[in-house]
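First the proteins, then the strands, lettered A, B, ... as listed; each starts at 1.
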There are 2 protein chains.
Amino acid sequence: MNPIQFYKCLADDTRLRCLLLIQAEGELCVCELMAALKESQPKISRHLAQLRQCGILSDRRQGQWVFYRLAPTLPTWALEVLQTTLAGESTFIAKNQCQLTQMGEDRPKRTQSCCS
Amino acid sequence: MNPIQFYKCLADDTRLRCLLLIQAEGELCVCELMAALKESQPKISRHLAQLRQCGILSDRRQGQWVFYRLAPTLPTWALEVLQTTLAGESTFIAKNQCQLTQMGEDRPKRTQSCCS
DNA sequence: TCCATATATATGTTTTTCCATATACTAACT
DNA sequence: AGTTAGTATATGGAAAAACATATATATGGA
């Protein structure tokens, strides 16, 4: 993981919020991030694609939804950077977490990967 | 410290090298960073000014030289991010550190801040 | 005046965003 | 099974915005 490429990924409002939310929640799909950030679908999708191509996120499809999580191959130092940021600036995504919970029953249900 | 502003500062090759070098060495002046990075004076100076304006670096003048160090007001999480990066990607600045030592006796001498 | 550093302007490049459209999957109906 | 409609996500292309760099010039201290 090239540190410049990594930090360029964190240096955008949309991407950093997505990353910290995914880190806090474990796994999120595009429509959940749209709701949490109140941003358009292409915008969210574009940034997630960039994060995936850089090796920061990995995705899995479950039916119509695509769920994103932190890539298991992410170097330890990069994971620590994300954890440190979330711990030190937890208020940064507070509003987004609130807006995520407001989805209520509209949030897609996760099925375990064993029997999807 | 706004995390987006912070990460934008790290998301540039020149700035990240300067930051990690300063962190590794404690304190460096413009001409030392010019030698370590083999970059022009205005380029180095401009990036250092940005890092200072963002509150990541602080400077002190000693004679003709201006020394930069990490700002004492830097939030803990931001300092930890820098430390984690340096520890995890120490080879990133290896060549720059080598080029810095090649300055030899041309490196400006530090006098303690008490009697500058 | 000389040296180290800072800044202004202009320019070229990268990044971000928007709109439209394409793909992938599901459900319902026949 | 095949067709149609609906939902979720991805992507191509163009316009706009942000960023980095080079050259020239200014400042400030010895």
Side-chain angles (χ1 to χ4, degrees), chain A residues 2 4-19 22 27-54 56-69 100 103 105-111 116, chain B residues 2 4-19 22 27-54 57-69 103 105-111 113 115-116:
Chain A
N2 176 310
I4 295 296
Q5 191 184 34
F6 177 69
Y7 284 125
K8 279 191 179 179
C9 283
L10 305 209
D12 175 88
D13 193 83
T14 303
R15 287 194 296 270
L16 187 59
R17 287 182 196 279
C18 286
L19 275 176
I22 286 169
E27 192 180 54
L28 288 173
C29 71
V30 178
C31 64
E32 289 174 316
L33 289 165
M34 287 171 63
L37 273 69
K38 291 204 201 301
E39 296 278 8
S40 72
Q41 181 270 319
K43 184 169 174 177
I44 298 287
S45 185
R46 268 236 136 78
H47 286 297
L48 291 176
Q50 180 178 346
L51 292 169
R52 178 166 36 81
Q53 281 157 16
C54 290
I56 300 178
L57 293 182
S58 65
D59 62 343
R60 74 176 176 101
R61 180 175 276 272
Q62 177 194 302
Q64 344 172 225
W65 299 284
V66 176
F67 289 95
Y68 287 85
R69 77 182 73 186
L100 179 59
M103 281 187 83
E105 285 306 308
D106 294 336
R107 284 184 70 171
K109 306 285 178 290
R110 277 88 176 147
T111 59
S116 66
Chain B
N2 176 310
I4 295 296
Q5 191 183 36
F6 177 68
Y7 284 124
K8 280 190 180 181
C9 284
L10 306 209
D12 175 89
D13 193 81
T14 303
R15 287 194 297 270
L16 186 59
R17 287 182 196 279
C18 286
L19 275 176
I22 287 168
E27 192 180 53
L28 288 172
C29 71
V30 178
C31 62
E32 289 173 316
L33 289 165
M34 287 172 61
L37 273 69
K38 294 205 197 300
E39 296 277 8
S40 71
Q41 181 271 319
K43 184 169 173 178
I44 297 288
S45 182
R46 192 179 194 292
H47 286 296
L48 291 175
Q50 182 179 344
L51 292 168
R52 177 167 36 81
Q53 280 157 18
C54 289
L57 293 181
S58 66
D59 62 342
R60 75 177 175 99
R61 180 177 275 272
Q62 176 196 303
Q64 358 175 214
W65 299 284
V66 177
F67 288 94
Y68 286 86
R69 75 181 80 179
M103 282 186 82
E105 286 305 308
D106 294 337
R107 285 184 71 171
K109 306 284 177 291
R110 277 89 178 146
T111 59
S113 50
C115 40
S116 66

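- Summarising the geometry, the separation between CZ on A:Arg60 and P on D:dT9 is reported as 12 Å, rounded to the nearest angstrom.
- Distance, A:Met34 CE to D:dA10 P: 11 Å, rounded to whole Å.
- The side chain of B:Lys43 has D:dA22 as its nearest neighbour among D:dG29, D:dA22, D:dA10.
- Counting any heavy atom pair closer than 4.0 Å across all strands shown, A:Tyr68 reaches sugar-phosphate atoms only and no base atom.
- No donor-acceptor pair under 3.5 Å is formed between the side chain of A:Arg15 and the backbone N or O of A:His47.
- For the pair A:Asp59/A:Leu48, no side-chain contact is recorded, criterion being any heavy-atom separation below 4.5 Å from C-beta on.
- Side-chain contact between A:Leu100 and A:Arg107: present, with at least one pair of heavy atoms (C-beta onward) separated by less than 4.5 Å.
- Pairing for C:dT15 is with D:dA16, a Watson-Crick or G-U wobble pair whose two hydrogen-bonding atom distances lie under 3.5 Å.
- Of the candidate nucleotides C:dA6, D:dT9, C:dT16, D:dT9 has the atom nearest to the side chain of A:Cys29.
- Distance B:Gln5 CD to D:dC19 P: 10 Å, rounded to the nearest Å.
- Contact annotation: side chain of A:Gln41 to base of D:dA10, donor-acceptor pair present below 3.5 Å.
- Taking atom NZ of A:Lys8 as the reference point, atom C1' of C:dT14 lies 8 Å away to the nearest angstrom.
- Of the candidate nucleotides C:dT16, D:dA10, C:dT5, C:dT5 has the atom lying nearest to any side-chain atom of B:Cys31.
- Nearest nucleotide to the B:Ser45 side chain, out of D:dA20, C:dA6, C:dA4: C:dA6.
- Distances from the side chain of B:Asp12 to the nucleotides D:dA20, C:dT16, C:dT7 place D:dA20 closest.
- Contact annotation for A:Pro42: base contact, defined as any heavy-atom pair under 4.0 Å involving a base atom.
- Counting to the nearest Å, the P atom of C:dT16 and the CG atom of A:Leu48 are 14 Å from each other.
- Rounded to whole Å, the distance from NE2 on B:His47 to P on D:dC19 is 12 Å.
- Among C:dT26, D:dT11, C:dA4, the nucleotide with an atom closest to any side-chain atom of A:Arg52 is D:dT11.
- Within the 4.5 Å cutoff, side-chain heavy atoms of A:Arg60 are placed close to those of A:Glu27.
- The side chain of A:Ser40 approaches C:dC18 more closely than any other nucleotide in the set C:dT16, C:dA4, C:dC18.
- Side chains of A:Asp13 and A:Leu37 form no contact here, defined as non-hydrogen atoms less than 4.5 Å apart.
- As rounded to whole Å, 14 Å separates atom P of C:dA10 from atom CZ of B:Arg46.
- Whole-Å rounding puts the A:Arg110 CZ to D:dA8 P distance at 14 Å.
- Taking only side-chain nitrogens and oxygens, B:Arg61 never comes nearer than 4.0 Å to OP1 or OP2 of C:dA4.
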